[in-house]
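Shown next, in structure tokens, is the structure this report addresses.
Every value quoted in this text rests on a predicted model; they were computed, and no experiment measured them. Note that the numbering runs from 1 along the sequence shown for the chain.
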Amino acid sequence: MVLRLLKLPNNNSFFLFGARSTGKTSLLKEFFRSQPDTLMIDLLNEDLYEKYLLSPQLLKNEIDLLKKKPTWIILDEVQRVPQLLNIVHQLIESKDSIRFALTGSSARRLKQKGVNLLAGRAWIRNLYPLTFLELQNQFNLEEIINYGSLPKILSFTTADDKVDFLKSYASTYIKTEIQEEQWVRKLEPFRRFLAIAAQMNGKPINYTSISRDVGVETPTVKTYYEILEDTLLGFLVPSFGPSVRKQQRIAPKFYFFDLGVKKALGKTLSVRLNPQTSEWGYAFEHLVIAEIQRLNDNLSADYELSYLLTKDGFEIDLILTRAGSELIFIEIKSAEKVHIEDFSKLAHFITEQKGIGYVLSNDPTARIDQGLLLLPWRDGLKKIFGLE
């Protein structure tokens with residue numbers, strides 16, 4: 001059993017959002033394992049789904065009839081019957097002793113359906129694939145770069161099984177999240193978009209070029225990226241500003257939430273990535289940025305993520321901004337040996353901006369040089385998030 005970093009509220013109702021197979025149900029079962037007075041309603045059960053879809057009010061009637069009221073009620077996959085949230089709202093207001101744990105795809109998705117998000121009475125938590133801190137000794141860099149870190153991946157021992165799972169994940173996402181929910185009018189352009197978005201992962205988005213390749217208008221491409229964010233399949237990293245905005249390209253970058261799913265959508269699962277190649281370097285950068293995004297949310301660190309790429313080619317992979325804190329500038333290298341000479345521009349830039357500079361890599365030697373902290377990437381992330 002992997003111990004998750006995300007801390008769930010134990011005294012207030014909450015939503016638990018996350019993409020499929022991130023382990024929401026498993027986390028809730030573990031969280032409530034020692035609380036026998038918990039009622040779990042799995043809306044993936046077709047009988048329960050049909051019952052509450054036809055009459056959401058049944059939930060309140062059934063709870064009113066219980067002699068012993070549960071302390072917690074879990075509604076798993078509540079987005080299938082969003083009308084139940086009105087009933088949940090009534091129950092929270094009328095029965096102070098009952099709290100709810102509600103799982104679904106994302107808060108933004110439910111908002112777009114115009115449903116009741118309980119007006120702040122339920123807190124929001126997001127669950128992501130496993131981090132290196134959660135995996136501990138099970139963390140295998142090469143395996144995660146090639147297959148990602150969804151919890152289910154840990155149960156497979158062969159590459160073929162991992163590939164089959166990820167292919168199935170990609171097709172299930174298109175069928176259940178996109179087709180059945182009618183997020184797009186035409187499915188084929190969206191399929192083409194997914195492959196291109198995977199190829200463009202971690203690069204500044206060229207909406208015009210993608211629209212031409214996919215065969216849709218530019219606003220439609222922007223909508224497609226919003227869908228990926230809404231279903232928690234990835235996140236945008238905007239360009240850094242505003243003080244140097246005139247000097248830089250301002251298109252955001254997009255990163256998929258999991259490296260294995262990115263490969264599946266890009267149809268590159270058969271290509272194994274190996275160290276000391278450029279593709280490995282891109283994947284390693286993706287891994288570290290995804291780890292930072294997960295830790296930032298799981299630990300409620302409240303950093304804003306951005307990147308810098310100027311017109312003359314000067315780039316900083318990631319910049320972390322937080323009110324009341326110094327700017328953190330991060331360069332990510334997959335090399336097992338890094339040289340300070342390669343980061344002279346970064347050192348000069350950080351002096352001007354009065355921030356802290358990190359070079360995170362696979363180099364095991366930790367040191368400070370020219371004002372930069374050169375650290376093994378895992379040690380660097382622990383330091384950034386105060387986990388030393």
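- Here the two rings, on Phe257 and Tyr255, have centers that are 6.0 Å apart or farther.
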**OP:** Could you check Asp161 against Thr158 for side-chain hydrogen bond (donor to acceptor under 3.5 Å, both in side chains), going step by step and ending with a plain yes or no?
**Re:** CA-CA 5 Å; Asp161 287 344; Thr158 70; 3.2 Å; yes

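- Looking at heavy atoms from C-beta onward, Leu387 lies in side-chain contact with Leu299 at the 4.5 angstrom threshold.
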**OP:** Start with the C-alpha gap between Leu44 and Asp76, add the side-chain angles, then the distance that decides, and say whether side chain to side chain contact (heavy atoms under 4.5 Å, CB included) holds.
**Re:** CA-CA 8 Å; Leu44 289 178; Asp76 205 6; 5.7 Å; no

**OP:** Dump the intermediate steps for salt bridge (Lys or Arg N to Asp or Glu O under 4.0 Å) on Arg20 and Glu77, then the final yes or no.
**Re:** CA-CA 10 Å; Arg20 290 179 179 274; Glu77 302 295 340; 5.2 Å; no

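- With salt bridges taken as basic N to acidic carboxylate O contacts below 4.0 Å, none links Lys345 and Glu315.
- The aromatic ring centroids of Trp377 and Tyr358 lie 6.0 Å or more from each other.
- One finds the CG atom of Asn201 at 9.5 Å from the CD atom of Glu285 (value rounded to the nearest 0.5 Å).
- The pair Arg272-Glu143 meets the salt-bridge criterion, with a side-chain N (NZ, NE, NH1 or NH2) lying under 4.0 Å from an Asp/Glu carboxylate O.
- Residues Leu228 and Phe256 have side chains in contact (heavy-atom distance under 4.5 Å, counting atoms from C-beta outward).
- When the side chains of ILVMFWY residues are joined at heavy-atom separations under 4.5 Å, either directly or via intervening members, Tyr282 and Trp280 end up in two distinct hydrophobic clusters.
- How far NZ of Lys29 is from CE of Met40: 5.5 Å, rounded to the nearest 0.5 Å.
- Taking CG of Leu295 as the start and CG of Leu6 as the end, the distance is 11.5 Å to the nearest 0.5 Å.
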**OP:** Please lay out, stage by stage, how Thr22 and Leu150 fare under the test side chain to side chain contact (heavy atoms under 4.5 Å, CB included).
**Re:** CA-CA 6 Å; Thr22 48; Leu150 287 170; 4.0 Å; yes

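- A heavy-atom distance below 4.5 Å is found between the side chains of Asp363 and Lys337.
- Geometric assessment of Arg294 against the ring of Tyr128 yields a negative cation-pi assignment under the 6.0 Å and 45° thresholds.
- In this structure, the side chains of His89 and Leu85 stay at 4.5 Å or more apart for every pair of heavy atoms.
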Subject >> side chain to side chain contact (heavy atoms under 4.5 Å, CB included) assessment of Leu346 paired with Val359 >> reply: CA-CA 10 Å; Leu346 175 63; Val359 176; 4.3 Å; yes

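- By the 30° and 60° cut-offs, the orientation of the rings of Tyr225 relative to Tyr207 is perpendicular.
- No side-chain heavy atom of Lys263 sits under 4.5 Å from any side-chain heavy atom of Leu166.
- In this structure, Asp64 pairs ionically with Lys60, as a charged nitrogen and a carboxylate oxygen lie closer than 4.0 Å.
- By the 6.0 Å and 45° rule, Lys253 stacks over the aromatic ring of Tyr307.
- Residue Gln57 places its CD atom among more than 12 non-hydrogen atoms of other residues, nucleotides or ligands, all under 6.0 Å distant.
- Placement of Val216 and Met200 within a single hydrophobic cluster is found when ILVMFWY residues are connected by side-chain heavy-atom separations under 4.5 Å, directly or transitively.
- Ser168 places no side-chain N or O within donor-acceptor distance of the main-chain N or O of Asp164, the cut-off being under 3.5 Å.
- A salt bridge links Lys51 to Glu62: at least one charged side-chain nitrogen sits closer than 4.0 Å to a carboxylate oxygen.
- Here the side chain of Asp37 pairs no donor or acceptor atom with the backbone of Trp72 at under 3.5 angstrom.
- By the 4.5 Å heavy-atom criterion applied to side chains, Thr220 and Phe190 are not counted as neighbours.
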Original post:
When you look at Asn296 and Phe385, which way does the side chain to side chain contact (heavy atoms under 4.5 Å, CB included) test go after all the steps?
Top reply: CA-CA 8 Å; Asn296 188 48; Phe385 289 99; 4.1 Å; yes

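- Among Asn146, Ile145, Ile144, the single residue meeting the side chain to side chain contact (heavy atoms under 4.5 Å, CB included) criterion with Glu142 is Asn146.
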